[in-house]
Amino acid sequence: QVQLVESGGRLVQAGGSLRLSCAASGRTFSNYRMGWFRQAPGKDREFVATISSLNGRTNYADSVKGRFTISRDNAEMTVFLQMNSLKPEDTAVYYCAADLATDSPYYTARSQYDYTYWGQGTQVTVSS
């Protein structure tokens with residue numbers, strides 16, 4: 001079992017930055033695909049970013065590409081989401097997710113069903 005705990009969410013002004021963290025417990029963190037999703041009130045859970053196991057290949061939703069950066073520190077068993085140039089439409093609960101999977105250059109895990117383990121979420125609110 002993998003336990004995930006997100007932190008770093010808060011109220012921030014539009015144009016500002018936040019860094020979310022997701023601390024993991026469990027074995028073989030380096031072998032886990034990691035992702036960030038978000039869910040705004042009344043909307044479905046939305047893919048934000050993913051970082052693969054092995055070589056750390058990243059992928060982003062079009063809505064955040066160029067503004068957000070996902071990274072991981074395998075030694076500390078932590079994944080990060082650096083969010084810059086925040087917009088009010090970024091307001092949501094942000095969830096960290098993990099799954100044990102083999103990295104492939106021919107598949108990018110952008111579905112919530114690609115992930116087995118989930119954190120409790122952290123609220124990000126961007127004021128206009």
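Computed from a prediction, not measured in an experiment: that's the story for all the values here.
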Requested in this report: Taking all non-hydrogen atoms of both residues into account, name the closest pair between V2 and A24 and its distance.
Outcome: CG1-CB, 4.5 Å
Query - Criterion side-chain hydrogen bond (donor to acceptor under 3.5 Å, both in side chains) on D73 and T78, from CA distance to verdict - result: CA-CA 5 Å; D73 185 334; T78 303; over 6 Å; no
Report task. Would you name the heavy atoms of L18 and V124 that are closest together and state the gap between them? Result -> CD1-CG1, 3.8 Å
Report task. Any chance you could measure R72, atom CZ, to M77, atom CE, to the nearest 0.5 Å? Result -> 11.5 Å
Report task. Measure across A92 and Q123 and return the closest heavy-atom pair with its distance rounded to 0.1 Å. Result -> O-NE2, 3.5 Å
Query raised in the report: How long is the span from the CZ atom in F80 to the CD1 atom in I51, to the nearest 0.5 Å?
Result: 10.5 Å
Query raised in the report: Given D99 and Y117, is the side-chain contact (heavy atoms from CB on, under 4.5 Å) satisfied, shown in steps?
Result: CA-CA 6 Å; D99 193 74; Y117 305 101; 5.6 Å; no
Query - Side chain to side chain, R67 and S85, heavy atoms closer than 4.5 Å - result: yes
Query - Heavy-atom side-chain proximity of T50 to W36 below 4.5 angstrom - result: no
Query raised in the report: So, S53 versus N31: side-chain donor-acceptor pair below 3.5 Å or not?
Result: no
**Report entry** M83 CE to I70 CD1 distance, which is reported to the nearest 0.5 Å
**Finding:** 12.0 Å
Query raised in the report: Looking only at heavy atoms, which two atoms of E6 and Y95 are closest? And how far apart?
Result: OE2-CA, 3.3 Å
Query - Separation between CD of Q112 and CZ of R45, rounded to the nearest 0.5 Å - result: 6.0 Å
Query raised in the report: Got C96 and V79 here, is their nearest side-chain heavy-atom distance under 4.5 Å?
Result: yes
Query raised in the report: Within the distance-only criterion (no hydrogens, no angle test), does the side chain of S63 pair as donor or acceptor with the backbone N or O of A61 below 3.5 angstrom?
Result: no
Query - Main-chain N/O of V126 paired to T91 side chain as donor or acceptor, under 3.5 Å - result: yes
Query raised in the report: Can you list the steps and then say if S127 with L11 is a side-chain contact (heavy atoms from CB on, under 4.5 Å)?
Result: CA-CA 7 Å; S127 62; L11 174 66; 4.2 Å; yes
Query raised in the report: How far apart are the closest heavy atoms of R57 and T108, and which atoms are they?
Result: NH1-OG1, 3.1 Å
Query raised in the report: Hey, which of Y113, Y115, Y94 is the one that makes ring pair (Phe, Tyr, Trp, His ring centres under 6.0 Å) with F37?
Result: Y115
**Report entry** Audit row: Q82, S71, side-chain contact (heavy atoms from CB on, under 4.5 Å) steps and yes/no
**Finding:** CA-CA 8 Å; Q82 178 66 46; S71 61; over 6 Å; no
Query raised in the report: Hey, does the side chain of R110 reach the backbone of Y60 with a donor-acceptor pair shorter than 3.5 angstrom?
Result: no
**Report entry** Side-chain heavy-atom pair L100, T116 within 4.5 angstrom cut-off
**Finding:** no
Requested in this report: Enter the distance from R19:CZ to L81:CG here, rounded to the nearest 0.5 Å.
Outcome: 10.5 Å
Requested in this report: Compare all side-chain heavy atoms of R38 with those of V64 and state whether any distance is below 4.5 angstrom.
Outcome: yes
**Report entry** Shortest non-hydrogen contact between C22 and M34, atoms and distance
**Finding:** SG-CE, 4.4 Å
Query raised in the report: How long is the gap from CD on Q120 to CG on L4, to the nearest 0.5 Å?
Result: 9.0 Å
